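A quick write-up on the structure given underneath.
Computed over heavy atoms, backbone and side chain alike; hydrogens, waters and symmetry mates excluded. Everything numeric in this text was worked out from a predicted model, so none of it was measured. Chain identifiers are assigned alphabetically (A, B, ...) following the order of the sequence lines, protein sequences preceding nucleic acid strands; residue numbering begins at 1 within each chain.
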Amino acid sequence: MEKRVRLRFAPSPTGGLHMGGVRTALFSYLFAKKHGGDFVLRIEDTDQTRYVNGAEEYIINALKWCGIEPNEGVGFGDGSYAPYRQSERKELGIYKKYSDKLIESGHAYLAFDTSEELDEMRKKLEAAKVVAPQYNAVTRQNMKNSLALSADEVSKLIESGAPYVVRLKVPRNEEIRFHDIIRGWVTVNSTQVDDKVLLKSDGMPTYHLAHIVDDIEMKITHAVRGEEWLPSAPSHVLIYRYLGLESEMPLLAHLPLILKPDGNGKLSKRDKSGLPMFPINWHDERTGESYIGYRESGFTADAFINMLALLGWNPGDNREILSKEELIKEFSFERVNKSGAKFDPEKTKWFNQQYLRMHTNEELANSVMPLLEEKGIKKDPTFVVEFCRLVKEKAHFITEFYELGSYFFVAPTTFDEKVMTKKWNENSKSTYSKLTEKLNALPTWTIDSIHHLFAEVEPELGKIDMQVVRVLTTGVAGGAQLFDMLALIGKEEVINRLNSALAKLQ
RNA sequence: GCCGCGUUGGUCAAUCGGUUAAGACGCCUCCCUUUCACGGAGGAAUGACGAGUUCGAUUCUCGUACGUGGUACCA
């Protein structure tokens with residue numbers, strides 16, 4: 001029988017979840033859903049010194065907004081493998097149990113070196129021109145550990161209460177080969193792998209031990225994480241092997257990194273393109289810094305998710321706009337790229353624009369209404385719905401709607417100079433005054449009636465320049481469809497605007 | 001420094017030894033439009049470099065360069 005597919009997203013609550021992390025969660029989620037499996041949220045809070053208040057809650061809320069909802073885990077309801085916080089799981093004694101097992105089988109050992117002693121060792125080795133100083137098969141003989149010390153000395157140290165860590169005993173010069181679903185076979189020589197700390201002196205496991213123990217205990221079938229973990233994967237393979245569980249090891253998938261749009265390096269917390277790096281607003285209590293989110297920048301969650309999914313993955317055909325259901329249907333790790341992808345702000349905006357157009361005017365109005373109210377604008381829903389219809393074609397963000405169509409609500413005080421200097425002449429005032437009168441005489445005020453009036457009136461009044469009408473009524477050279485816009489603004493307001501504009505102009 | 005991973009237009013990318021090397025974003029031109037957009041049609045722009053394997057390499061191998069990640073009692 002095939003094992004039930006189970007994937008986990010396992011962030012550490014050391015800060016806001018950035019978009020790279022969201023993508024990792026997304027890919028895991030898509031794969032789990034595609035195979036009718038489980039998606040678990042596990043919180044890896046083993047480093048109490050870096051714990052940030054509010055980070056865990058943020059992660060949960062961010063996943064919720066994105067629609068990447070675990071069916072099991074912190075914030076989403078316990079399944080059969082609770083608890084889902086490593087700090088709580090430590091109380092179960094599971095990490096200790098596995099670490100003891102490794103010690104008993106001779107694959108791990110106790111190390112009493114203080115951090116000062118470790119620093120000293122590294123300095124000494126550097127001075128001796130050793131390029132990569134590390135705790136390993138050759139250096140451990142000169143350190144304070146249960147392999148170098150006599151049994152007597154070790155038990156004395158333990159009795160005296162000396163703090164110690166548990167380290168993995170990595171063999172010398174051995175080829176470690178493992179398979180990655182995205183990258184294929186990867187081979188590393190164990191000489192490059194150091195004796196990783198498994199259990200810290202405070203009794204907390206490190207990531208290396210903890211995630212393996214939990215993946216085993218939680219029956220995880222696929223371990224998905226960022227490429228930055230690739231170098232430590234050999235250590236993890238060794239742990240599974242020494243535990244006698246290599247054949248049950250989850251399939252590994254190391255995702256390519258998301259890189260900065262310009263220049264080099266991976267995405268940082270802020271980008272000069274102005275686009276957010278976080279899904280929703282993030283305020284770091286510890287540093288006092290705030291970061292804007294995609295949600296608050298006027299992105300829709302479906303657009304954000306779609307954009308992220310296509311950063312490092314594609315469905316194999318030309319489709320770029322895919323719903324969550326389609327993403328689930330099409331997703332596979334085989335189609336994930338190996339190389340890092342530069343984040344493209346322009347394309348990101350384009351994605352949101354596509355989704356903006358797909359949403360109905362009523363849906364958009366629901367999102368836009370509160371934003372208008374913040375500006376002190378109260379309009380009835382039918383007005384806002386029509387406003388959305390007229391503005392959405394040119395908007396990239398919901399938050400742009402007001403800015404893009406402020407003239408719907410506020411009469412102009414200045415008039416686009418470029419247009420006016422080019423198109424306004426001594427005859428204009430009389431022409432547009434007459435036009436105003438004609439408009440004022442219109443018995444009905446609809447898009448069609450306005451349109452017709454403009455067509456009819458030209459032989460009599462001469463050339464009417466639409467852009468001039470636009471500037472007189474809105475002040476700006478660009479904007480929504482002219483007749484539709486005039487219709488929505490309303491007869492009285494349009495006539496007022498024209499009159500006051502004409503009064504100001506010569 | 002060492003080790004891992006990567007390298008197709010400016011960016012995202014398809015191709016799984018044989019193509020005029022798709023498509024998308026952005027950019028440019030034209031068309032549509034009595035305004036603004038949308039839309040449509042075109043255009044410029046690409047296999048890092050060097051060897052090898054092969055009848056044939058973007059595709060396989062090696063080297064170089066470049067990029068990126070790791071090198072903690074952090075994840």
Side-chain angles (χ1 to χ4, degrees), chain A residues 10-15 44-47 49-50 111 113-115 118-119 122 126 129-135 163-167 180 182-183 186-189 191-194 196-202 204-208 210-211 225-234 254 256-257 259 261-262 264-266 307 310-321 334-335 337-351 353 357 390-395 404 419 451 454-455 458 463-471 474 476-485:
Chain A
S12 57
T14 53
E44 310 221 329
D45 55 347
T46 53
D47 187 355
T49 63
R50 291 206 308 155
D113 317 272
T114 62
S115 47
L118 288 173
D119 282 347
R122 287 186 193 110
E126 266 166 40
K129 296 266 193 282
V130 173
V131 279
Q134 55 176 202
Y135 212 112
Y164 63 87
V165 301
V166 177
R167 281 180 184 272
D180 181 284
I182 293 169
R183 283 150 211 287
V186 178
T187 310
V188 180
N189 190 287
T191 307
Q192 304 302 327
V193 181
D194 65 340
K196 290 238 148 48
V197 170
L198 265 21
L199 222 49
K200 306 182 218 179
S201 52
D202 63 359
M204 272 288 195
T206 59
Y207 167 81
H208 305 291
H211 92 274
R225 65 217 320 188
E227 192 183 350
E228 68 270 24
W229 290 105
L230 202 51
S232 59
H254 289 93
L257 265 6
L259 274 14
D262 57 325
N264 305 322
K266 65 172 174 179
M307 178 279 292
L310 265 81
L311 209 50
W313 174 87
N314 69 79
D317 52 38
N318 283 343
R319 286 130 81 210
E320 292 195 292
I321 302 297
E334 282 73 20
R335 291 209 66 85
N337 288 324
K338 296 176 179 70
S339 47
K342 277 189 183 175
F343 168 69
D344 185 346
E346 288 305 318
K347 186 92 184 220
T348 302
K349 291 180 192 169
W350 176 82
F351 269 108
Q353 191 179 33
R357 290 193 196 142
L390 295 177
V391 171
K392 77 171 175 186
E393 290 297 312
K394 39 178 52 69
L404 245 26
V419 172
H451 194 163
F454 273 90
E458 240 178 33
K463 174 80 179 152
I464 302 285
D465 190 297
M466 294 303 146
Q467 213 176 9
V468 171
V469 177
R470 179 182 287 286
V471 172
T474 69
V476 290
Q481 298 202 48
L482 186 59
F483 306 127
D484 303 50
M485 179 190 79

Looking across every strand, which nucleic acid part, if any, lies under 4.0 Å from Arg122(A) by heavy atom: base, sugar-phosphate, or nothing?
sugar-phosphate

The answer to which of Ala477(A) and Trp313(A) contacts RNA chain B further toward the 5' end, by nearest nucleotide, is Trp313(A)

Side-chain N,O (Ser232(A)) to OP1/OP2 (U71(B)) below 4.0 Å:
no

Rounded to whole Å, CG of Asn189(A) lies from P of C5(B) at a distance of 13 Å

Does Arg167(A) have a side-chain nitrogen or oxygen under 4.0 Å from the phosphate oxygens OP1 or OP2 of C73(B)?
yes

What's Arg225(A) touching, base or sugar-phosphate or nothing? Going by heavy atoms closer than 4.0 Å.
nothing

Base, sugar-phosphate or nothing for Ala455(A)? Non-hydrogen atoms, less than 4.0 Å.
base

If you assign Met466(A) and Ser12(A) each to the RNA chain B nucleotide with the nearest heavy atom, which residue ends up on the more 5' nucleotide?
Met466(A)

Checking all strands, does Gly226(A) fall into the base, sugar-phosphate, or nothing category for heavy-atom contacts under 4.0 angstrom?
nothing

Is it the case that Tyr135(A) and Asp113(A) place a side-chain donor and acceptor less than 3.5 Å from each other?
yes

Could you tell me whether Lys349(A) contacts a base, only the sugar-phosphate backbone, or nothing, with contacts defined as non-hydrogen atoms closer than 4.0 Å?
nothing

Looking across every strand, which nucleic acid part, if any, lies under 4.0 Å from Leu199(A) by heavy atom: base, sugar-phosphate, or nothing?
nothing

Under 4.0 Å between a Lys/Arg side-chain N and an Asp/Glu carboxylate O for Lys463(A) and Asp465(A)?
no

Which whole-number value in Å describes the distance from Trp229(A) CH2 to C5(B) P?
18 Å

So what stems show up for RNA chain B if we need 3 or more Watson-Crick or G-U pairs in a row, all under 3.5 Å?
B:1-7 with B:65-71, B:10-12 with B:23-25, B:27-31 with B:39-43, B:48-52 with B:60-64

With heavy atoms under 4.0 Å as the rule, sort Asn337(A) into base, sugar-phosphate or nothing.
sugar-phosphate

Separation of atom CD in Gln134(A) from atom P in C73(B), rounded to whole Å
11 Å

Looking across every strand, which nucleic acid part, if any, lies under 4.0 Å from Val165(A) by heavy atom: base, sugar-phosphate, or nothing?
base

So Thr46(A), base contact, sugar-phosphate only, or nothing? Heavy-atom distance under 4.0 Å.
sugar-phosphate

Please say which of Pro231(A), Ser232(A), Pro234(A) ends up in a side chain to side chain contact (heavy atoms under 4.5 Å, CB included) with Val193(A).
Pro234(A)

